[in-house]
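As structure tokens, the structure follows; a few thoughts come after it.
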Amino acid sequence: SVEPVEGDPLSFKFVLDHFDRRFASREIGIVSGPREQGDSVWLRGFARYVAPGVPDLRFELEETVWLDGDRIRRMEDRYDAATIAELEAYLREHGAKLGITLG
């Protein structure tokens, strides 16, 4: 099992604390899948984040989750280059209002 490391920008807890929880609400949806692939599950989905004083943030991603039984061992999100550029532009313009800075 993968244990989160405090302060590790790739850990699930870090992402929740320093990104997801900076928004008032978030909506996650499936565009395609899920599809089992051995010990993993793949899907294409979208995320929509909402917070007062900033425009909604919506983007698509691919996600693969590796499982050990009924527990998540590893989770990997993938974004295309255009989505990465849009996320960076959004955070440059609105990140300070959310307490999010680009590293």
Side-chain angles (χ1 to χ4, degrees):
S1 116
V2 175
E3 297 297 321
V5 176
E6 187 62 38
D8 177 358
L10 298 179
S11 79
F12 192 66
K13 181 180 180 349
F14 186 93
V15 172
L16 287 174
D17 289 346
H18 294 89
F19 186 81
D20 290 55
R21 291 186 177 127
R22 304 299 171 118
F23 292 85
S25 67
R26 61 189 177 270
E27 173 189 1
I28 308 295
I30 295 176
V31 174
S32 178
R35 185 172 64 234
E36 289 186 44
Q37 301 173 326
D39 67 342
S40 68
V41 177
W42 171 92
L43 64 89
R44 181 155 188 79
F46 72 88
R48 179 175 169 253
Y49 291 83
V50 177
V54 296
D56 292 2
L57 172 61
R58 187 183 190 287
F59 56 91
E60 289 192 8
L61 65 138
E62 284 188 32
E63 183 168 85
T64 302
V65 177
W66 286 266
L67 305 167
D68 280 330
D70 64 349
R71 297 185 59 98
I72 295 173
R73 175 171 39 99
R74 179 178 173 194
M75 182 183 298
E76 181 179 291
D77 294 345
R78 286 177 300 288
Y79 310 91
D80 62 28
T83 299
I84 292 170
E86 290 172 14
L87 288 168
E88 289 174 345
Y90 181 93
L91 292 175
R92 273 193 302 277
E93 185 169 348
H94 307 291
K97 293 177 188 171
L98 298 163
I100 300 171
T101 57
L102 291 176

Identify whether [X] and [Y] are in the same connected component of the hydrophobic contact network (ILVMFWY, side-chain heavy atoms under 4.5 Å).
{"X": "I30", "Y": "V41", "result": "no"}
{"X": "L61", "Y": "I84", "result": "yes"}
{"X": "L16", "Y": "V65", "result": "yes"}
{"X": "Y90", "Y": "F59", "result": "yes"}
{"X": "V54", "Y": "L57", "result": "yes"}

What class does the angle between the rings of F23 and Y49 fall in, given that below 30° is parallel, 30 to 60° is tilted and above 60° is perpendicular? tilted
Check the orientation of F14 and H18. Use parallel for under 30°, tilted for 30 to 60°, and perpendicular for over 60°.
parallel
Between [atom1] of [X] and [atom2] of [Y], what distance do you get to the nearest 0.5 Å?
{"X": "R26", "Y": "F19", "atom1": "CZ", "atom2": "CZ", "value": "10.0 Å"}
{"X": "R58", "Y": "T83", "atom1": "CZ", "atom2": "OG1", "value": "10.5 Å"}
{"X": "D80", "Y": "E86", "atom1": "CG", "atom2": "CD", "value": "8.0 Å"}
{"X": "L91", "Y": "K97", "atom1": "CG", "atom2": "NZ", "value": "12.5 Å"}

query: If every non-hydrogen atom of L43 is compared with every non-hydrogen atom of P34, which pair is closest and at what distance?
result: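 L43 and P34 have their closest heavy atoms at CB-CA, 4.1 Å.
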Contact summary for I28 and A47, nearest pair of heavy atoms: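 Reported closest heavy-atom pair: CD1-CB, 3.8 Å.
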Item to complete: Could you tell me whether the side chain of R22 and the main chain of D17 form a donor-acceptor pair under 3.5 Å?
Response: yes
Donor-acceptor contact present, side-chain D68 to main-chain R71, <3.5 Å: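 Here the side-chain-to-backbone pair does not exist.
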Worksheet item: Can you find a side-chain donor-acceptor pair between T64 and R78 that sits under 3.5 Å?
Response: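 Yes, because at least one side-chain N or O of T64 sits under 3.5 Å from a partner of the opposite role on R78.
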More than 12 heavy atoms from other groups under 6.0 Å of CD on Q37
yes
Salt bridge (charged side-chain N to carboxylate O under 4.0 Å, His left out) filter on E60, not counting sequence neighbours, yields R44
Taking only residues two or more places apart in sequence or in another chain, which ones pass side chain to side chain donor-acceptor pair (under 3.5 Å) with D56?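 D56 satisfies side chain to side chain donor-acceptor pair (under 3.5 Å) with R48 once adjacent residues are dropped.
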